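Residue numbers count from 1 along this sequence. Bear in mind that the values here come from a model prediction, so they are computed numbers and not experimental data.
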Amino acid sequence: VAMLTVAVDMNITDADGPCCTSCDAEGGFEKYYSIDKLHGFCGECCMKPKDFPKYKIFEPGLQKANDSTPCADFHYHNYTKTVTHGFWKIKMTLDLYAPDPEM
């Protein structure tokens with residue numbers, strides 16, 4: 001997932017737990033996700049809809065979520081870590097989820 005953060009300028013570690021379980025709707029944030037099949041993860045983030053076109057350039061698979069659990073909806077339930085991708089003013093903090101084990 002090559003997603004990039006609107007509000008956070010630091011790297012976040014696993015110890016901090018998921019950042020994006022719910023988004024601050026009052027602040028104008030909505031849930032977005034992307035599935036990176038090359039690296040095997042699904043990423044969830046919170047961003048303002050006005051920023052979507054900017055981040056879509058860097059993350060072509062970026063989609064607006066229809067609910068609060070888009071990765072789980074696509075069988076990525078296993079929270080792995082929270083990371084910040086990007087640089088300068090174009091960064092995104094996101095939670096990464098691994099795919100469910102095959103039965």
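For the pair Leu94/Glu44, no side-chain contact is recorded, criterion being any heavy-atom separation below 4.5 Å from C-beta on.
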Run the numbers on Cys20 and Cys45 for disulfide bond (SG atoms under 2.5 Å apart), then give the verdict.
-> CA-CA 6 Å; Cys20 306; Cys45 65; over 6 Å; no
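Here Phe52 and Tyr32 bring their ring centres to under 6.0 angstrom of each other.
In this structure, Asn78 contributes its side chain and Pro99 its backbone to a donor-acceptor pair below 3.5 Å. Side-chain atoms of Thr82 never come within 3.5 Å of backbone atoms of Asp95 as a donor-acceptor pair (strictly under, hydrogens ignored). When atom types are taken as modelled, the side chain of Asp100 and the backbone of His77 share a donor-acceptor pair closer than 3.5 angstrom.
Ionic pairing of Asp51 and Lys54 is present here: one or more N-O contacts between side-chain nitrogen and carboxylate oxygen are shorter than 4.0 angstrom.
Checked against ring-ring contact (aromatic ring centres under 6.0 Å, His included), Tyr76 has no partners two or more places apart in sequence or in another chain.
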Would you give me the side-chain donor-acceptor pairs under 3.5 Å for residues 62-74, sequence neighbours excluded?
unit_1: Lys64; atom_1: NZ; unit_2: Glu30; atom_2: OE1; d: 3.1
unit_1: Asp67; atom_1: OD1; unit_2: Thr69; atom_2: N; d: 2.9
unit_1: Thr69; atom_1: OG1; unit_2: Asp73; atom_2: OD1; d: 3.2

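The minimum heavy-atom distance linking Tyr55 with Lys89 is given by the pair OH-O, 4.0 Å. Between Pro53 and Pro49, the shortest heavy-atom contact is CD-O, 3.8 Å. The shortest heavy-atom contact between Cys23 and Phe29 is CB-O, 3.8 Å.
Put simply, CZ on Phe87 and CZ on Phe58 are 5.0 Å apart, with the number rounded to the nearest 0.5 Å.
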